Amino acid sequence: MDKREIAANLILRAVKSYVNAQNDMDYIQAILLAGSSVGITEPLLREQQTKTATEKSIDVIMKMRASDIFWEGSKLVINQNTKTLSRRERDDISKRTRIFDRGIYNSLKHTGKPKQDLSPSDDVIIEADFQNEAEEIIYDAVHDFNSLKFDENFQYHQLPEEIILLLNCGDPMGIIPDPVAKQRTHS
């Protein structure tokens with residue numbers, strides 16, 4: 001079986017778990033399913049020299065840190081590229097963003113952190129907003145899957161219709177509120 005097909009199915013199952021969630025365990029399941037999909041697609045995107053959702057977040061943070069951002073009266077002013085970030089600063093931003101983006105997912109998969117001298121038995125409690133974490137990682141999983149370039153060995157259009165619809169939906173979990181402003185009309 002093609003792992004890209006598995007990744008797409010994992011996203012679908014993550015969204016179903018999220019949408020039908022009745023408790024934190026359902027959100028945790030969604031996190032683990034979506035994170036597994038990301039684990040398949042991220043290396044493929046790197047191989048294709050395409051940025052992942054996390055890498056795009058890193059780029060935005062680096063641009064913000066390299067810019068002067070201030071208020072001038074009631075106007076927000078952004079002067080881009082006014083500062084040069086050192087290699088160490090860039091590496092630190094990259095590391096911290098990856099930890100932040102995947103921290104809960106990784107913490108759910110493992111106990112203990114040998115590099116931080118944290119034993120497994122001291123790492124059994126996890127507190128998080130699991131719904132929010134599920135939302136974020138599902139959006140990353142959808143972004144990353146949709147960023148893949150497919151070769152002739154994978155027929156995207158042969159995925160089940162339910163998956164194709166989901167991957168092409170701007171709001172897979174139905175959480176973006178409907179606009180309340182009246183539609184503009186040309187007069």
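Note that the structure is a prediction, hence the values are computed from the model and not measured. Numbers for residues simply follow the sequence, beginning at 1.
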Peer 1: First locate atom OG1 of Thr54, then atom CG of Asp144, and finally report the distance between them rounded to the nearest 0.5 Å.
Peer 2: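 CG of Asp144 is found 6.5 Å from OG1 of Thr54.
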Peer 1: Quick one: which residue pairs count as a salt bridge (Lys or Arg N to Asp or Glu O under 4.0 Å) with a foot in residues 35-52, not counting sequence neighbours?
Peer 2: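 Those involving residues 35-52 are Glu42-Arg46, Glu42-Arg102, Arg46-Glu55, Lys51-Asp59.
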Peer 1: Please examine the side chains of Ser37 and Ile11, heavy atoms only from C-beta on, and report whether any two atoms are closer than 4.5 Å.
Peer 2: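 Side-chain contact under 4.5 Å: yes.
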Peer 1: Grab the two heavy atoms, one from Thr50 and one from Ser147, that are nearest each other, plus how far apart they are.
Peer 2: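 In this case the closest contact between Thr50 and Ser147 is CG2-O, 3.9 Å.
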Peer 1: With rounding to the nearest 0.5 Å, note down the distance linking CG in Asn9 to CG in Leu166.
Peer 2: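 Nearest 0.5 Å value for the CG-CG distance: 10.5 Å.
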Peer 1: With salt bridge (Lys or Arg N to Asp or Glu O under 4.0 Å) as the rule and sequence neighbours excluded, what pairs involving residues 148-159 come up?
Peer 2: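 Found Arg4-Asp151.
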Peer 1: Suppose the criterion is salt bridge (Lys or Arg N to Asp or Glu O under 4.0 Å): which pairs have a residue in residues 5-28, not counting sequence neighbours?
Peer 2: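 Listed once each, the pairs are Lys16-Glu162.
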Peer 1: Under the side-chain contact (heavy atoms from CB on, under 4.5 Å) rule, what do Lys109 and Asn106 come out as? Steps first, then yes or no, please.
Peer 2: CA-CA 5 Å; Lys109 293 189 315 175; Asn106 287 326; 3.4 Å; yes
Peer 1: How far does OG1 of Thr111 sit from CG of Asp122, to the nearest 0.5 angstrom?
Peer 2: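 One gets 10.5 Å once the value is rounded to the nearest 0.5 Å.
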Peer 1: For Ser107 and Gly103, indicate whether the former's side chain and the latter's backbone hold a donor-acceptor pair under 3.5 Å.
Peer 2: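 No, Ser107 side chain to Gly103 backbone: no donor-acceptor pair under 3.5 Å.
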Peer 1: Output all residues satisfying side-chain contact (heavy atoms from CB on, under 4.5 Å) with Ser86, sequence neighbours left out; order by chain, then residue number.
Peer 2: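 Partners of Ser86 by the side-chain contact (heavy atoms from CB on, under 4.5 Å) criterion, ordered by chain and then number, come out as Arg88, Glu89.
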Peer 1: Is it possible for you to say whether Phe145 and Leu165 belong to one hydrophobic cluster, with membership spreading through side-chain heavy-atom contacts below 4.5 Å?
Peer 2: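 No: no chain of side-chain contacts under 4.5 Å links Phe145 to Leu165.
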Peer 1: For the CG atom of Asp2 and the CD atom of Gln158, what is their distance to the nearest 0.5 Å?
Peer 2: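 The CG atom of Asp2 sits 11.0 Å away from the CD atom of Gln158.
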Peer 1: Write out all pairs satisfying ring pair (Phe, Tyr, Trp, His ring centres under 6.0 Å) with one or both partners inside residues 24-43, taking only residues at least two apart or from two chains.
Peer 2: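 For residues 24-43, and leaving out neighbouring residues, the ring pair (Phe, Tyr, Trp, His ring centres under 6.0 Å) pairs sorted by first residue read Tyr18-Tyr27.
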Peer 1: Can you tell me which residue pairs pass the salt bridge (Lys or Arg N to Asp or Glu O under 4.0 Å) test with a partner in residues 69-79, sequence neighbours excluded?
Peer 2: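 As it turns out, there is no salt bridge (Lys or Arg N to Asp or Glu O under 4.0 Å) pair with a partner in residues 69-79 once direct neighbours are skipped.
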Peer 1: Would you say the side-chain atoms of Asn168 pair up with the backbone N or O of Ile164, donor to acceptor, closer than 3.5 Å?
Peer 2: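 Yes; judged by distance alone, with no hydrogens or angles, the pair exists.
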Peer 1: Treat each ILVMFWY residue as a node, draw an edge where side-chain heavy atoms are under 4.5 Å apart, and state whether Ile31 and Val19 are in one component.
Peer 2: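 Looking at the clustering, Val19 is in the same group as Ile31.
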Peer 1: Evaluate the side-chain contact (heavy atoms from CB on, under 4.5 Å) criterion for residues Val15 and Ile138: first the C-alpha distance (whole Å), next the side-chain angles of each, then the deciding distance (0.1 Å), finally the verdict.
Peer 2: CA-CA 7 Å; Val15 170; Ile138 289 170; 3.6 Å; yes
Peer 1: Is there a salt bridge (Lys or Arg N to Asp or Glu O under 4.0 Å) between Lys95 and Asp91? Walk through the geometry before answering.
Peer 2: CA-CA 6 Å; Lys95 180 181 175 184; Asp91 289 347; over 6 Å; no
Peer 1: What pairs with Asp123 under salt bridge (charged side-chain N to carboxylate O under 4.0 Å, His left out), at least two apart in sequence or on another chain?
Peer 2: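 Result, salt bridge (charged side-chain N to carboxylate O under 4.0 Å, His left out) vs Asp123: none returned.
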Peer 1: Between Asn79 and Ser67, does the side-chain contact (heavy atoms from CB on, under 4.5 Å) criterion hold? Intermediate values first, please.
Peer 2: CA-CA 5 Å; Asn79 294 326; Ser67 301; 5.9 Å; no
Peer 1: Do any N or O atoms from the side chain of Asp140 and from the backbone of Val38 form a donor-acceptor pair under 3.5 angstrom?
Peer 2: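 No, the answer is negative, given that no donor and acceptor are paired below the 3.5 Å cut-off.
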Peer 1: Could you list the cluster mates of Ile125? Members are the ILVMFWY residues connected by side-chain heavy atoms closer than 4.5 Å, either directly or through other members.
Peer 2: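 Ile125 shares its hydrophobic cluster with Val124.
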Peer 1: How far apart are the closest heavy atoms of Ala30 and Ala134, and which atoms are they?
Peer 2: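 For Ala30 versus Ala134, the nearest heavy atoms are CB-CB, 4.1 Å.
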Peer 1: Take a 6.0 Å sphere around CG of Asn153 and say whether it holds more than 12 heavy atoms from other residues, nucleotides or ligands.
Peer 2: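 More than 12 heavy atoms, drawn from other residues, nucleotides or ligands, come within 6.0 Å of this atom.
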Peer 1: Which hydrophobic side chains are connected to Ile61, either touching it within the sub-4.5 Å cutoff or through other members that do?
Peer 2: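 When side chains under 4.5 Å apart are linked, the cluster holding Ile61 also contains Ile58, Met62, Leu85, Ile93.
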Peer 1: Around atom CD of Gln155, are there more than 12 heavy atoms of other residues, nucleotides or ligands at under 6.0 Å?
Peer 2: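 Enclosed: over 12 neighbouring heavy atoms sit under 6.0 Å from CD of Gln155.
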Peer 1: When clusters are formed from ILVMFWY side-chain contacts under 4.5 Å, directly or step by step, what else is grouped with Met64?
Peer 2: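 Val60, Ile69, Trp71, Leu76, Ile78, all in the cluster of Met64.
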Peer 1: Atom CG of Asn23 and atom CD of Gln131: how far apart are they, to the nearest 0.5 Å?
Peer 2: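 One finds 11.5 Å between CG of Asn23 and CD of Gln131.
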Peer 1: Tell me the closest heavy-atom pair linking Thr52 and Leu45, and the distance in Å.
Peer 2: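 Heavy atoms of Thr52 and Leu45 come nearest at CG2-CD1, 3.9 Å.
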Peer 1: Test of understanding: with salt bridge (charged side-chain N to carboxylate O under 4.0 Å, His left out), list the residues that count as partners of Lys83, not counting sequence neighbours.
Peer 2: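 Applying salt bridge (charged side-chain N to carboxylate O under 4.0 Å, His left out) to Lys83 gives Asp68.
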Peer 1: Let's go through Tyr105 and Ile28 carefully: what are the C-alpha distance in whole Å and the side-chain angles of both, what is the deciding distance for side-chain contact (heavy atoms from CB on, under 4.5 Å) to 0.1 Å, and is it a yes or a no?
Peer 2: CA-CA 9 Å; Tyr105 170 68; Ile28 290 168; over 6 Å; no
Peer 1: Within a strict 4.5 Å, meaning less than it, do heavy atoms of the Phe130 and Ile104 side chains meet?
Peer 2: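 Side chain of Phe130 against side chain of Ile104, heavy atoms only: contact under 4.5 Å found.
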Peer 1: Mind checking what makes ring pair (Phe, Tyr, Trp, His ring centres under 6.0 Å) contact with Tyr156, not counting sequence neighbours?
Peer 2: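 In terms of ring pair (Phe, Tyr, Trp, His ring centres under 6.0 Å), with neighbours along the sequence ignored, Tyr156 is linked to Phe150.
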